[in-house]
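Beneath this line is the structure, given in structure tokens, with notes to follow.
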Protein chains: 2
Amino acid sequence: MVSSKDVAKYAGVSQTTVSRVLNTPELVKQPTVDKVMKAIQELNYIPNANARSLVQKRTNTIVLLSGPLHNPFFVDTTTAIVNYANTKGYRVNVQFVNDDKLTEAYATAIEQKVDGIILSCILIDDPIFERLESMHLPFITYNRKHKNNRHFVEIDNYKAGYLSAQHLIELGHRNIAWVSGPLTVSTFYNRYHGFLKALEDYNIKIPQQNIIHTDTSKNEVTTAFNDLMSFKSRPTAICAGSDSLALFLMDDAVSIGVKVPEKLSIIGIDNVDISKHAAIRLTTIGSISEENLGYLAIKKLIELIENKKNGCVKITESVKVFNRSTTREI
Amino acid sequence: MVSSKDVAKYAGVSQTTVSRVLNTPELVKQPTVDKVMKAIQELNYIPNANARSLVQKRTNTIVLLSGPLHNPFFVDTTTAIVNYANTKGYRVNVQFVNDDKLTEAYATAIEQKVDGIILSCILIDDPIFERLESMHLPFITYNRKHKNNRHFVEIDNYKAGYLSAQHLIELGHRNIAWVSGPLTVSTFYNRYHGFLKALEDYNIKIPQQNIIHTDTSKNEVTTAFNDLMSFKSRPTAICAGSDSLALFLMDDAVSIGVKVPEKLSIIGIDNVDISKHAAIRLTTIGSISEENLGYLAIKKLIELIENKKNGCVKITESVKVFNRSTTREI
DNA sequence: GACAAAAATGAATACGTAACCATTTTGCAA
DNA sequence: TTGCAAAATGGTTACGTATTCATTTTTGTC
């Protein structure tokens with residue numbers, strides 16, 4: 001492997017000068033720059049990023065701990081994060097983590113001496129949060145947040161849950177169901193409580209069996225859907241805790257021939273890109289600005305990294321209904 | 001930052017011993033191991049991966065140059081690649097590249113001294129191929145391949161194109177269209193020629209205007225679709241060059257109220273996960289083994305990396321029709 | 001208890017870069 | 001020409017680890 005020393009020898013200068021040519025060429029006379037550049041070309045020299053990171057203590061690398069891509073929300077955010085980071089000169093080390101093997105994921109992040117961490121998969125109560133803070137490494141959670149209420153970018157989940165229920169109520173639905181994910185994550189927790197508040201405000205009572213918290217897997221959602229459809233008084237509408245869940249439910253509905261929205265209204269939350277597609281046209285709740293949460297988060301993270309200030313990011317985007325074709329008056 | 005030297009001092013041993021405790025503990029007496037581990041715990045020591053990479057000349061990192069995630073094919077492969085690599089202890093640096101800024105992407109791969117490169121985005125004629133080979137760095141292209149016919153994992157694209165046309169022909173279609181991507185990539189090139197061969201074998205002539213090569217963007221596909229639908233003798237079936245294109249076309253069909261498959265049959269190629277979903281049920285061509293191409297590729301890449309042998313991977317998976325619900329007898 | 005072989009440990013070094021400090025060269029005014 | 005500041009360049013070191021080679025300690029055998 002050809003090193004800057006080899007270049008130096010070949011060009012007849014010191015290694016220091018080679019380094020300067022690459023990093024601060026304005027400090028080097030033009031003829032010398034030319035000599036060195038020629039040597040670099042001819043030897044096909046490429047600087048070793050590891051060695052540079054070792055001495056500079058920055059790696060131009062961030063870690064992304066994302067949820068799985070079969071959830072379209074993470075398709076959108078991963079795309080936004082990776083692309084933005086790359087334009088800013090950062091490499092992105094991507095991992096798709098289940099909540100359980102999260103700790104493992106952090107270890108590699110730290111070993112690598114990455115410049116920052118961006119993650120969605122954090123529990124409200126996650127003990128990892130304090131460890132992250134104590135490391136003085138910039139990090140941001142997107143979508144979810146920790147109970148400590150710091151370092152996050154989210155939508156107004158409470159309001160989203162509220163609007164979701166309100167939308168259906170105002171369409172005349174009374175027998176509404178809630179199908180969502182575990183309450184151990186802030187997103188579902190707040191959406192659920194927003195949902196409940198709307199029911200309360202409109203003085204609507206729904207049977208307990210209409211409320212189902214799944215693990216967000218396709219299997220459990222399908223089971224939940226089939227349960228709901230088996231009730232004597234079937235719900236006429238479902239609030240899904242996320243677009244991903246809503247899409248699962250739409251799929252289940254098609255499977256057993258329940259027409260959406262004719263026989264069943266479904267509303268999601270997140271306004272993922274795919275929800276706009278003509279074949280889907282999912283009614284959903286999303287950020288008013290329509291900015292991708294991943295994009296907002298990575299932008300802030302890179303600011304934190306580059307400004308070296310301990311600024312504490314707390315962003316909650318306002319939400320509104322995106323009224324498309326999967327809900328209808330009863 | 002606490003280093004192995006600090007641990008050594010704290011534990012009263014040499015830095016060498018600390019290194020040994022972490023890498024070859026069987027060479028160290030148990031009491032010493034305990035002492036050192038205790039020091040590691042108490043000082044909260046985490047080894048620096050950059051320093052290790054510098055001396056070992058391996059980084060446990062690979063670069064993935066993927067196509068964009070709005071193409072569901074890349075959702076499947078990215079998931080498979082990242083997850084498999086992680087279980088094998090490799091970190092994955094992900095980039096979503098447009099064909100044009102490919103060269104840039106390689107540069108960072110090389111700077112980082114990654115252990116290998118896995119990529120889909122290579123043109124048949126790409127000059128980068130020789131440069132990659134000359135670097136003696138393991139790499140594999142998945143999905144696409146270079147004209148040099150080395151280092152690839154693909155499906156039998158020619159056969160796929162053939163089967164795609166044959167399927168429609170045997171359903172009685174005669175006015176068949178071809179909507180696909182640029183012929184500069186092997187995938188579309190071979191699929192297209194397989195398609196043509198089937199028409200020839202069955203002695204079917206289609207008007208030139210039925211053949212459209214797009215840049216695979218939603219916009220161009222929609223334009224193509226609308227063109228096709230505007231012809232006096234509308235095609236009764238479309239062979240899409242990929243599932244991604246097929247899904248775009250289905251979307252366009254819904255938009256203007258053309259029922260699939262009643263009024264129009266559509267068949268894709270790739271058998272992406274999402275094509276199985278109940279709401280879609282796309283008829284498509286895919287690998288008989290149903291193994292994810294990304295998975296096959298990363299498995300081979302890691303073998304190459306770890307065996308250090310220059311084995312040249314050439315895998316072409318056999319294909320078959322997955323007959324679902326978007327094609328029908330005319 | 002002596003001795004060789006094996007096991008355990010340590011000292012020194014290399015990896016490739018950037019940064020720090022020292023030295024040489026240049027440019028320009030006196 | 002001299003002197004002196006500024007510009008240009010070079011020598012040396014640190015970063016944190018694994019590795020190589022040397023040294024010390026332990027083990028087992030006669």
Side-chain angles (χ1 to χ4, degrees), chain A residues 1-40 43-61 89 91 107-108 110-115, chain B residues 1-40 43-61 89 91 107-115 135:
Chain A
M1 188 77 327
V2 34
S3 72
S4 59
K5 254 179 213 160
D6 302 323
V7 174
K9 192 176 296 176
Y10 188 89
V13 299
S14 72
Q15 181 268 327
T16 307
T17 298
V18 175
S19 175
R20 264 194 287 256
V21 167
L22 293 173
N23 298 293
T24 53
E26 67 276 11
L27 297 182
V28 183
K29 262 205 297 191
Q30 194 54 49
T32 313
V33 171
D34 296 341
K35 251 193 319 188
V36 171
M37 289 309 290
K38 183 153 165 282
I40 287 177
L43 297 183
N44 218 332
Y45 165 71
I46 294 170
N48 183 321
N50 286 308
R52 187 189 306 136
S53 297
L54 187 59
V55 50
Q56 292 197 138
K57 296 178 183 312
R58 68 192 302 268
T59 52
N60 289 314
T61 300
R91 296 178 279 266
T108 81
I110 299 164
E111 276 187 7
Q112 283 183 93
K113 298 277 174 292
V114 295
D115 296 338
Chain B
M1 188 76 330
V2 33
S3 73
S4 59
K5 257 180 211 159
D6 302 324
V7 174
K9 194 176 295 175
Y10 190 88
V13 299
S14 71
Q15 182 267 327
T16 308
T17 298
V18 174
S19 176
R20 265 194 284 255
V21 166
L22 292 173
N23 298 292
T24 51
E26 67 276 11
L27 297 181
V28 183
K29 260 205 300 191
Q30 194 53 49
T32 313
V33 171
D34 296 343
K35 254 194 317 191
V36 172
M37 289 308 291
K38 183 154 166 279
I40 287 178
L43 296 183
N44 217 335
Y45 164 72
I46 295 170
N48 182 322
N50 286 309
R52 186 189 307 136
S53 297
L54 187 59
V55 49
Q56 291 197 139
K57 300 179 180 312
R58 68 193 302 269
T59 52
N60 288 315
T61 301
R91 297 177 278 267
T108 79
I110 300 165
E111 276 188 7
Q112 284 183 93
K113 298 279 174 290
V114 296
D115 296 337
M135 285 175 26

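Throughout, protein chains are lettered first and strands after them, A, B, ... in sequence-line order, and every chain is numbered starting at 1. Keep in mind that what you see is a predicted model, and the values were worked out from it rather than measured.
Following rounding to the nearest Å, B:N60 (CG) and D:dT17 (P) show an atom-to-atom distance of 15 Å. In this structure, A:K9 places its NZ atom 13 Å from P of D:dG11, rounding to the nearest Å. Taking atom CG of B:L54 as the reference point, atom C1' of D:dA14 lies 12 Å away to the nearest angstrom. In this structure, A:L27 places its CG atom 14 Å from P of D:dG10, rounding to the nearest Å. If you measure from atom NZ of B:K5 to atom C1' of D:dA18, you get 13 Å, rounded to the nearest angstrom. Atom CG of A:N48 and atom C1' of D:dT17 are 14 Å apart (whole Å). Whole-Å rounding puts the A:N50 CG to D:dA14 P distance at 21 Å.
Both B:A51 and B:Q30 lie close to DNA chain C; mapped to their nearest nucleotides by heavy-atom distance, the more 5′-ward contact belongs to B:Q30. Judged by closest nucleotide on DNA chain D, A:V28 is the one of A:V28 and B:V2 placed further toward the 5' end.
Once you apply a 4.0 Å limit to the heavy atoms of chain B, the touched nucleotides of DNA chain C run 5' to 3' over C:dA8 to C:dG16.
Each salt bridge (charged side-chain N to carboxylate O under 4.0 Å, His left out) pair with one or both residues in residues 11-39 of chain A, not counting sequence neighbours, appears once here: A:K38-A:E42.
Contacts of B:V18 with the nucleic acid, taken as non-hydrogen atoms under 4.0 Å apart, are absent. Using a 4.0 Å heavy-atom distance criterion, A:S53 is classed as making no nucleic acid contact.
Scanning for side chain to side chain donor-acceptor pair (under 3.5 Å) contacts around B:T32 gives an empty result, with sequence neighbours left out. Partners of A:I110 according to the side chain to side chain contact (heavy atoms under 4.5 Å, CB included) rule, which considers only residues two or more places apart in sequence or in another chain, are A:M135, B:I46. With sequence neighbours left out, B:S4 forms a side chain to side chain donor-acceptor pair (under 3.5 Å) with B:Q15. Scanning for side chain to side chain contact (heavy atoms under 4.5 Å, CB included) contacts around B:K9 gives an empty result, with sequence neighbours left out. Residues meeting the side chain to side chain contact (heavy atoms under 4.5 Å, CB included) test with A:V55, sequence neighbours left out: none. Legend: residues meeting side chain to side chain donor-acceptor pair (under 3.5 Å) with A:T17, ordered by chain and number and at least two apart, are A:S14.
In this structure, the side chains of A:L22 and A:I40 come closer than 4.5 Å at one or more pairs of heavy atoms. Counting heavy atoms from C-beta on, the side chains of B:K113 and B:S53 never come closer than 4.5 Å. A heavy-atom distance below 4.5 Å is found between the side chains of B:Q112 and B:T108.
Scanning all heavy atoms of the two residues, the minimum distance from B:S3 to B:D6 falls at N-OD2, 2.8 Å. Listed here is the closest heavy atom pair of A:V114 and A:T61: CB-O, 3.4 Å.
The phosphate of D:dG16 has neither OP1 nor OP2 within less than 4.0 Å of any side-chain N or O from B:S3. Contact check, A:K57 against D:dG16: a side-chain N or O comes under 4.0 Å of OP1 or OP2.
Between the two ends of the helix from C:dG1-D:dC30 to C:dA30-D:dT1, each summarised by a five-pair axis, the helix axis turns through 40° (rounded to 10 degrees).
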Reading nucleotides 19-25 of chain D 5' to 3', which nucleotides get B (base under 4.0 Å from a protein heavy atom), which S (sugar-phosphate only), which -?
BB-----
